[in-house]
Amino acid sequence: MRLGLALGYWGRGPDPRHLELARAAERLGYDSVWTAEAWGSDAFTALTWIAAHTTRIKLGTGIAQMAARTPTATAMHALTLDHLSGGRVLLGLGLSGPQVVEGWYGRPFPRSPLTATREYVDVIRQVLRREGPVESDGAFHPHPYRGADGTGLGKPLKPITHPLRAGLPLLLGAEGPKNIAQTTRIADGWLPLYWSPTRTDVYQASLSEAPDGFLIAPMARAVVCDDIAEGLLPVKAMLGFYIGGMGHAARNFHADLMARMGFEEEARRVQQLFLEGRRQEAVQAVPDAFADEISLVGPRERIAERLELWRSGPVTDLLVTAPDPDTLRVLAELNS
C-alpha cells in the first residue's frame, strides 16, 4: 500500500504549510500529493506550484470538479502539467452534486450522472490518445457542439500539443454503487470519500469487476496524538459539513453514503441539525465510532495497529490528510 498526502482545498486563503508538507512527504518517500477544489481555490494551480518545488512525487487532483471545466479544458490542464512535471500527473475527477454544480458553476446537474461521467471521460481519453480529432455525439458533451443555439460551424479538432502520456492515469470520485461499478470499467482508479477498513463489504459488489492494477485510493485524516477524542474533532467537523452542508435535504450523496455504511439514523440527524443552522450540534452528533473508522488517530502504537487493517484490504494508495511532518514521518516508518 502506497502513501499519498492529501492537502485538500484552501480555506479563506492559502495554507502556508502545504508546500512544506508536500516537500516533507517527498523526502519521506510518499508516492503522491493531492490537491482539491470546492468553490474557492482551484486544484490545478496549487498543484502546479507544488510541481515546481518537487522532483519525484506524483501530482494528483483529488478531486477536480467536472462542472468547472469542459472535458477538453480538463484534458488541456492535465497534459500541460504532465509535460511540465515530467509525467507525474494523476487526474482525479468528480461530478460533485446539484447544489454545487447549479449553485456555484451555474450549470444544470446532469439528468443521468452515469452517462455524463462516461462521456466526459471518453472525451479526455480521446484528447490524450491524440489518434484523431475529438468527436462525440453524446447528450452532455457533444464534440463538435450541435445544439440548436450553435452556429453549426464547429469543426472536430485534435490537440496541437502532443500529450506526454496517452495513458495518463484517470481516477474518479464516486459514491453510489452504480457509479463505483462504472468507475471500474472506464477509469484507472477510484477515490472513495469515506473508507472503513472494517466495512469493505459495503463496496464488494461494486468492485467485483475491477481489473488488475485498478487503484483504490481513499482519503483519511491522520494525526499522532494522545487525546483521541480531540484528534477526531477535525474529522467530525469535516463529516458534519459534508453530510449536512454539501447537499439538499432530499438529495445528499454524502449522507446517503454514511447511511449505507451502517449509520443511517445518525446521518439523518446530522443533516437535520446542520440544515436547521445548528452546526456545532451537527458536528457533535457525528458518532465518534464512525469518525474513528475512517481515520488514523491516536498514539503511535494505536495507529500502527489500525494501519494493518488498511494494509490487509484492497486499498492500493492511502491518501492521508496530516497536519504536521511528524505524523507523516510516523506513517512512513510504520508503512515501510
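Note that this is a predicted model, so its numbers are computed, not measured.
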- Between Val286 and Gly240, what is the shortest heavy-atom contact and its length? CG2-N, 3.9 Å
- Is it the case that one hydrophobic cluster holds both Leu171 and Ile63, taking links as side-chain heavy atoms less than 4.5 Å apart, direct or via other members? yes
- Atom CE of Met238: over 12 foreign heavy atoms under 6.0 Å: yes
- Go through the steps for Arg269 and Glu265 under the test salt bridge (charged side-chain N to carboxylate O under 4.0 Å, His left out), then give the verdict. CA-CA 6 Å; Arg269 176 61 176 162; Glu265 182 177 343; over 6 Å; no
- Message: Do Pro325 and Glu20 have side chains that approach each other closer than 4.5 Å (heavy atoms only, starting at C-beta)?
- Response: yes
- Message: Quick check: do Trp195 and Leu318 have side-chain heavy atoms less than 4.5 Å from each other?
- Response: no
- To the nearest 0.5 Å, atom CG of Leu59 lies from atom CG of Leu91 at 12.0 Å
- Message: Tell me if the CD atom of Glu102 is crowded by more than 12 foreign heavy atoms within 6.0 Å.
- Response: yes
- In this structure, CZ of Phe44 is separated from CZ of Arg69 (nearest 0.5 Å) by 5.0 Å
- Item | Arg279 CZ: over 12 foreign heavy atoms closer than 6.0 Å | no
- Message: Under 4.5 Å between side-chain heavy atoms, counting indirect links through other Ile/Leu/Val/Met/Phe/Trp/Tyr residues: same cluster for Phe140 and Val127 or not?
- Response: no
- For Gly132 and Lys158, the nearest pair of non-hydrogen atoms, with its separation, is O-CB, 3.4 Å
- Query: With a 4.5 Å heavy-atom cut-off, do Met66 and Thr74 have their side chains touching?
  - Reply: no
- Heavy atoms only: give me the nearest Arg221-Pro323 pair and the separation to one decimal. NH2-CG, 3.9 Å
- Pick one: which of Leu296, Val320, Val224 meets side-chain contact (heavy atoms from CB on, under 4.5 Å) with Thr327? Val224
- Does any donor atom in the side chain of Tyr105 or Ser96 lie under 3.5 Å from an acceptor atom in the other side chain? no
- Item | Spacing of Glu209 atom CD and Thr183 atom OG1 [to the nearest 0.5 Å] | 12.5 Å
- Nearest-0.5 Å distance, CD1 of residue Ile303 to CZ of residue Arg300: 9.5 Å
- Out of curiosity, does Tyr30 fall in the hydrophobic cluster containing Trp310 (side-chain heavy atoms, cut-off under 4.5 Å, transitive links)? yes
- Query: Atom CD of Glu333 and atom CG of Leu28: how far apart are they, to the nearest 0.5 Å?
  - Reply: 8.0 Å
- Going only through I, L, V, M, F, W and Y residues with side-chain contacts under 4.5 Å, is there a path from Leu90 to Trp49? no
- Item | Audit row: Arg302, Asp292, salt bridge (charged side-chain N to carboxylate O under 4.0 Å, His left out) steps and yes/no | CA-CA 12 Å; Arg302 185 176 193 265; Asp292 196 28; 2.6 Å; yes
- Message: Tell me whether the rings of Trp190 and Tyr203 are parallel (<30°), tilted (30 to 60°) or perpendicular (>60°).
- Response: perpendicular
- Query: What are the two closest non-hydrogen atoms of Val33 and Leu47, and how far apart are they?
  - Reply: O-CD1, 3.9 Å
- Message: In the structure I gave you, are the side-chain heavy atoms of Glu281 and Glu276 within less than 4.5 Å of one another anywhere?
- Response: no
- What's the spacing between Asp31 CG and Arg56 CZ if we round to 0.5 Å? 7.0 Å
- Glu37 to Asp42 - nearest heavy-atom pair and separation: OE1-CA, 3.4 Å
- Test salt bridge (charged side-chain N to carboxylate O under 4.0 Å, His left out) on Asp188 and Arg125 and set out the steps. CA-CA 11 Å; Asp188 302 298; Arg125 299 286 203 197; 3.1 Å; yes
- Item | Heavy-atom check, side chain of Leu168 versus side chain of Leu79, under 4.5 Å | no
- Message: The test is side chain to side chain contact (heavy atoms under 4.5 Å, CB included); show your working for Leu5 and Ile57 and say whether it passes.
- Response: CA-CA 10 Å; Leu5 169 65; Ile57 198 165; 5.7 Å; no
- Tell me yes or no: between the side chains of Arg23 and His53, is some donor less than 3.5 Å from an acceptor? no
- Query: Looking at side-chain heavy atoms only, is the closest gap between Phe214 and Pro314 below 4.5 Å?
  - Reply: no
- Message: Could you check whether any side-chain heavy atom of Leu215 comes within less than 4.5 Å of a side-chain heavy atom of Arg2, counting everything from C-beta outward?
- Response: yes
- Path from Leu3 to Leu319 over hydrophobic side-chain contacts below 4.5 Å: no
- Message: Would you say that His143 contacts Pro71 through its side chain, given a criterion of any heavy-atom pair below 4.5 Å between the two side chains?
- Response: yes
- Item | Heavy atoms of other groups near Asp137 CG, more than 12 under 6.0 Å | no
- Minimal heavy-atom distance between Lys236 and Asp288, with the atoms involved, is NZ-OD1, 2.8 Å
